[in-house]
Amino acid sequence: MEASPSIKILAVDDDSFMRQLIARCLPEPDFIVTPCPNAMEAMAIFKEKHFDLLILDIMMPGISGLQLRSLIRQENSTIPIMLLTAKVDDAEGSLLKEISSDKNTYYQNKKFTKSELQSLVKSIMGRVWQAKQEKDYFIEMENDISLAGEIQKHMFPHWWTLDGGIQFCHYFRPYMKITGDMISHFKLEEGVFLEIIGDISGHGIQSALTMAAVESSISNYIRKTLLSDIQPHHILNHLQAFMEDISTEKYMTCLVAIVDFNVNMMTYQLAGHQAPIIFSPSQNKTIPTKDFKTGSLPVALLKGTVYNESDTGTIQLPDDAIIFLYTDGLGDIRDDTGENAGEDLLQQLISSISHEGLRPSTNFKIVDIYFKAGYTNINDDITLTAISKHTLPPGNYDFSISPSVDEIDKFVQKANSLVFEQTHDEILAGKVEILFSEFLNNIAIHGLGQRNAKRPIISVHIEFHEEDIMIVVCDQGKAWDMQLGETSNTLTDNFFSDLKNRRLEFHGRGLHLLKSISKSITRSRYADTLNETIFLINYK
Amino acid sequence: MKQQILDYLRDSFGLEGSDAEELYQSYVDTLNENISKFDSLLANNNFAEFTRAAHTIKGCAMNSGHPEMSSAALELEKAAKANDKALCLQLMEPVKNIFKQLKET
């Protein structure tokens, strides 16, 4: 068994008898006492060496024990200090108040025995060590939770993905670093997708672990089940049995939907979950909530719940339908008065923001408006996912790019070819190539910190207009200020001067290039997560 | 008187033999150092330092199992705190006498 470490004590008393007495009462090896005759010497020693505890005489010539305590506190706010005095026995109330004004100060009567002094020192240190252990444990837990949150991000769908003509946009924000919300996309066959969104009761590690187990269980189920047998009520019954088996006492609101984009049909069942919001940009309306079947109880709320096919609903989708699935975290965000955002706000925002169709930034813009409207007190995990066909008008192109040098290089060449193909302008194609090369590499290096993740996390949209090209780049990198100012069609003399004088050596050089190529550059950040940069480039 | 103190040091602090003798000597030195200041401090009306000296004697005496000295020093400390020169002069004597008795044992 490891021996306890010696308790290192600085004992300050102007009386040599008391210094000797303290040292003899607190002998090695359990204690290592450094005696000191006055406050000045004590401060000098304190700054150089580590001590676990200080014993100070209150009444000393020059700087008193209480004054020395104040000086010590400027260096260390928590080290335990034992004040020795006979004065408290004289019933001086103000002194008692002063002693107890510091929560890490202890008092010992100057008349003591060896066992009394040792007992008090050990008791103080016991409390200190326990508090440190608890703090260290808490820090370790926090680190573990942070790591779990990072790992969890990889379990979720990407914030924007394209899959065979269908696009998925996903926003999530955990309430406590890790989320108990769940979202799963499965491609069952071409154009047919299984969507499952769930909200596991409670918060924190338990809910997140339950979420992970449920996700895994769903994957296993899908793998083992014939396509024809994958139906919403079967999946819910599987989840009910699974959650009863793992006995976490958690329950889960859930929506299971099979979306067939080939025939624009959605088959779904709600288990205590919100109905989706289905919006059609061309018709500028959402399918009313009353048109959805209510469904049944949350999964595992009641043991033995059975989900029936009779509770499964079917909805005909408009061809340009955007299907929004969400958990109640958004509606539960409160403003400073304590008022909830409510569910209606989401419907309104979807209608106003999605009128041109689903874009990579849509969900982030929606959440951003919540924050800007003052709904900033978050009380629950937030999940907002959207699915739609990915159809673009002629002259519009979308790309998703991994933030690696190779992938960026490949894309840059592709972009050059595309611009040339559309405009037959070699110089313009070259400018666009330079713009992308400079900007995307900046995102990869500075915004995303040179991550080599293979998952694509930069979205690029290119739109060819009559007189200009619009480029929209979205990324989830750090916020950074481009200091845009005015753009210019030519590189100014200042640029070359700065370049020559190496003032642009580490930053700023690329910005001049971007500004010289672009008619305008605008940059926005949504939900404190997504950067959106829009470049307009004139043909001539 | 000396034995009383040595017994106390043994019983309260587990000190025996040379350790106890060393601490006893340190006690005597502390008494000597502070008592020798009394006259000059009082002559200069330096009640703050006089109080401190009496306080120190009181504390050491308490921790040496010397109640006669600690009681006398306590009374002297109170008089000094009250800036009562006459009383200090009066109460200084018992302290000096007890010390003299200690030295003679």
Side-chain angles (χ1 to χ4, degrees), chain A residues 11-31 33 35 37-39 55-68 82-95 107-122, chain B residues 5-35 37 41 46-67 69-71 73-82 99 102:
Chain A
V12 189
D13 196 311
D14 60 310
D15 178 12
S16 80
F17 172 80
M18 285 307 298
R19 293 198 300 273
Q20 285 186 60
L21 184 63
I22 292 168
R24 289 182 195 284
C25 285
L26 303 172
E28 293 186 25
D30 291 346
F31 310 93
V33 176
N38 59 63
I55 299 178
L56 311 180
D57 179 24
I58 286 188
M59 207 164 162
M60 291 192 288
I63 299 172
S64 71
L66 288 170
Q67 289 167 328
L68 176 55
M82 183 193 300
L83 291 170
L84 285 181
T85 184
K87 291 190 81 159
V88 174
D89 292 338
D90 302 334
E92 291 190 24
S94 61
L95 179 62
Y107 152 68
Q108 171 61 50
N109 190 303
K110 234 176 175 178
K111 185 178 183 327
F112 52 81
T113 63
K114 181 178 182 176
S115 63
E116 281 168 359
L117 190 64
Q118 284 197 8
S119 175
L120 181 57
V121 168
K122 285 180 180 173
Chain B
I5 293 168
L6 289 174
D7 287 344
Y8 183 85
L9 294 178
R10 181 197 61 223
D11 294 340
S12 297
F13 305 113
L15 298 173
E16 309 245 26
S18 59
D19 285 345
E21 282 286 346
E22 254 183 61
L23 203 61
Y24 172 80
Q25 191 53 53
S26 178
Y27 173 54
V28 170
D29 292 343
T30 297
L31 291 181
N32 188 45
E33 184 189 325
N34 286 279
I35 291 171
K37 293 180 199 173
L41 288 175
N46 191 342
F47 291 101
E49 286 299 313
F50 195 97
T51 306
R52 198 190 315 280
H55 179 79
T56 299
I57 291 170
K58 178 189 78 179
C60 295
M62 277 195 312
N63 277 317
S64 300
H66 197 183
M69 180 60 91
S70 66
S71 302
L74 174 61
E75 294 309 309
L76 186 57
E77 184 188 354
K78 286 180 188 172
K81 257 197 219 164
F99 182 49
L102 182 66

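Below, chains carry the letters A, B, ... as their sequence lines are ordered, and counting in each starts from 1. Heavy-atom basis, side chains included; hydrogens, waters and symmetry copies ignored.
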- Task: Look at the aromatic rings of B/Tyr27 and A/Phe17 and report parallel, tilted or perpendicular, splitting at 30° and 60°.
- Result: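 Tilted.
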- Minimum heavy-atom distance B/Ser26-A/Gln20, with the two atoms named: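 So the two residues come closest at OG-NE2, 2.9 Å.
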- Task: Considering non-hydrogen atoms only, spot the tightest contact between A/Lys114 and B/Phe13 and give its length.
- Result: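 Smallest heavy-atom distance, with atoms named: CD-O, 3.2 Å.
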Nearest 0.5 Å please: distance from the [atom1] atom of [X] over to the [atom2] atom of [Y].
X: B/Asn63; Y: A/Asn109; atom1: CG; atom2: CG; answer: 8.5 Å
X: A/Asp14; Y: B/Thr30; atom1: CG; atom2: OG1; answer: 9.5 Å
X: A/Met59; Y: B/Glu77; atom1: CE; atom2: CD; answer: 6.0 Å
X: A/Asp13; Y: B/Cys60; atom1: CG; atom2: SG; answer: 8.0 Å

- Task: Could you check which of B/Glu22, B/Glu33, B/Glu49, B/Gln25 has the highest count of heavy-atom pairs closer than 4.5 Å to chain A?
- Result: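 Top option by heavy-atom pairs under 4.5 Å: B/Glu22.
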- Task: Using non-hydrogen atoms and a 4.5 Å limit, figure out which bit of B/Asp19 sits close to chain A: side chain, backbone, both or neither.
- Result: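 Its backbone and side chain both get close to chain A.
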- Message: Is B/Leu15 in contact with chain A via its backbone, its side chain, both, or neither, using a 4.5 Å heavy-atom distance?
- Response: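 When you check distances to chain A, only side chain atoms of B/Leu15 fall under 4.5 Å.
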- Message: Evaluate A/Met18 against B/Thr56 for side chain to side chain contact (heavy atoms under 4.5 Å, CB included), listing each step before the verdict.
- Response: CA-CA 9 Å; A/Met18 285 307 298; B/Thr56 299; over 6 Å; no
- Item | Side-chain heavy-atom pair B/Asp29, A/Ser16 within 4.5 angstrom cut-off |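 The answer is no; the side chains never approach within 4.5 Å.
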